[in-house]
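Worksheet for the structure shown next.
Note that ligands are numbered from 1 as they come in the structure, with each ligand's atoms numbered from 1 the same way. Only heavy atoms go into these numbers, but all of them, side chains included; no hydrogens, no water, no symmetry mates. Computed from a predicted structure; not experimentally measured. In this chain, numbering begins with 1 at the start of the sequence shown.
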Amino acid sequence: MRKPFVAGNWKMNTDSHSSVDLATGVARGSVELAGQGVDVAVCPPFVYLQAVAGAVSSSNVSVSAQDIYFEAKGAFTGEINASMLKDIGCTYVLCGHSERRHVIGETDELINKKLTAAIAGGLLPILCVGELQSEREASQTEEVVTRHVKKGLAGLNPEKVSAVTIAYEPVWAIGTGLTATPQQAQEMHQFIRKLLAQMYDSQLAEEIRILYGGSVKPGNAAELMSKPDIDGVLVGGASLKTDDFLAIIQAAT
Ligand code: PEP
């Protein structure tokens, strides 16, 4: 039985005060929902990770970084490694978010190195995959998602893959107000689970959580998560409002 998982990606938003306020509000609200068996994580910008980790420390809310670098240490100006993230209380890290793929230019190979380093460093990666609108219109959705999953997980044995959560995030639905219909999302989640079964085995495929992301709001979260292969959600915009994010966590129960 896969435990529902709700993660909030704050992207490049908040400041030193509002990040702690938001984290404190989410932690308080989540404590009330804690008995209901949902994993919750927030993904603040790097500079607020430590303060947010402190704010949620006595709750069931985990902290995730939005990115990582794959080298262990050295002359990599501006980069942050797995042990630094562990050291300040991170549990999860996003790998391959569409904004890093399409705005920053990260390749599948780089994402694979980051994900591999995250696992080696004791973090739980959330691998984001998903097609552009033009790729969906050209009927390339399955091909693109297959490439993201296979290249993202390349070289990992089943034990390491069991540390990974996958987030299916169609790029055309991120921050646009457009959401995949629950049926469209379920089709892709089922497709990814079958792909994992082919790559590894059906037991592992049944254990891996697959989240949906793309304009998730309190009003559409419950229906999306009612689908059999949608194990939770990765939320952007709506995770910046305490009440909306708590309503989405509530929907996961
Ligand atoms: C995201 O950042 O991963 C995301 C899904 O954003 P939004 O919910 O705003 O579409």
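- Arg101 contributes a side-chain N or O that, together with a main-chain N or O of Gly96, makes up a donor-acceptor pair within less than 3.5 Å.
- With ring centers used as reference points, Tyr92 lies under 6.0 Å from Phe5.
- Between Tyr168 and His189, the angle of the ring planes goes over 60°, which puts this pair in the perpendicular group of the 30/60° scheme.
- A donor-acceptor pair is defined here as one N or O able to donate and one able to accept, closer than 3.5 Å; no such pair exists between the side chain of Glu143 and the backbone of Gln140.
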Ligand 1 polar-atom proximity to protein (N/O, under 3.5 Å):
| unit_1 | atom_1 | unit_2 | atom_2 | d |
| --- | --- | --- | --- | --- |
| ligand 1 | 2 (O) | Asn9 | ND2 | 3.2 |
| ligand 1 | 2 (O) | Lys11 | NZ | 2.8 |
| ligand 1 | 2 (O) | His97 | NE2 | 3.1 |
| ligand 1 | 3 (O) | His97 | NE2 | 2.8 |
| ligand 1 | 3 (O) | Glu169 | OE1 | 3.0 |
| ligand 1 | 3 (O) | Glu169 | OE2 | 2.6 |
| ligand 1 | 6 (O) | Lys11 | NZ | 3.4 |
| ligand 1 | 6 (O) | Gly236 | N | 3.4 |
| ligand 1 | 8 (O) | Ser215 | N | 3.4 |
| ligand 1 | 8 (O) | Gly236 | N | 2.8 |
| ligand 1 | 9 (O) | Gly237 | N | 2.9 |
| ligand 1 | 10 (O) | Gly175 | N | 2.6 |
| ligand 1 | 10 (O) | Ser215 | N | 2.7 |

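- A donor-acceptor pair under 3.5 Å is formed between the side chain of Asn220 and the backbone N or O of Ser215.
- Within the 3.5 Å criterion, the main-chain N or O of Asp108 finds no donor-acceptor partner in the side chain of His148.
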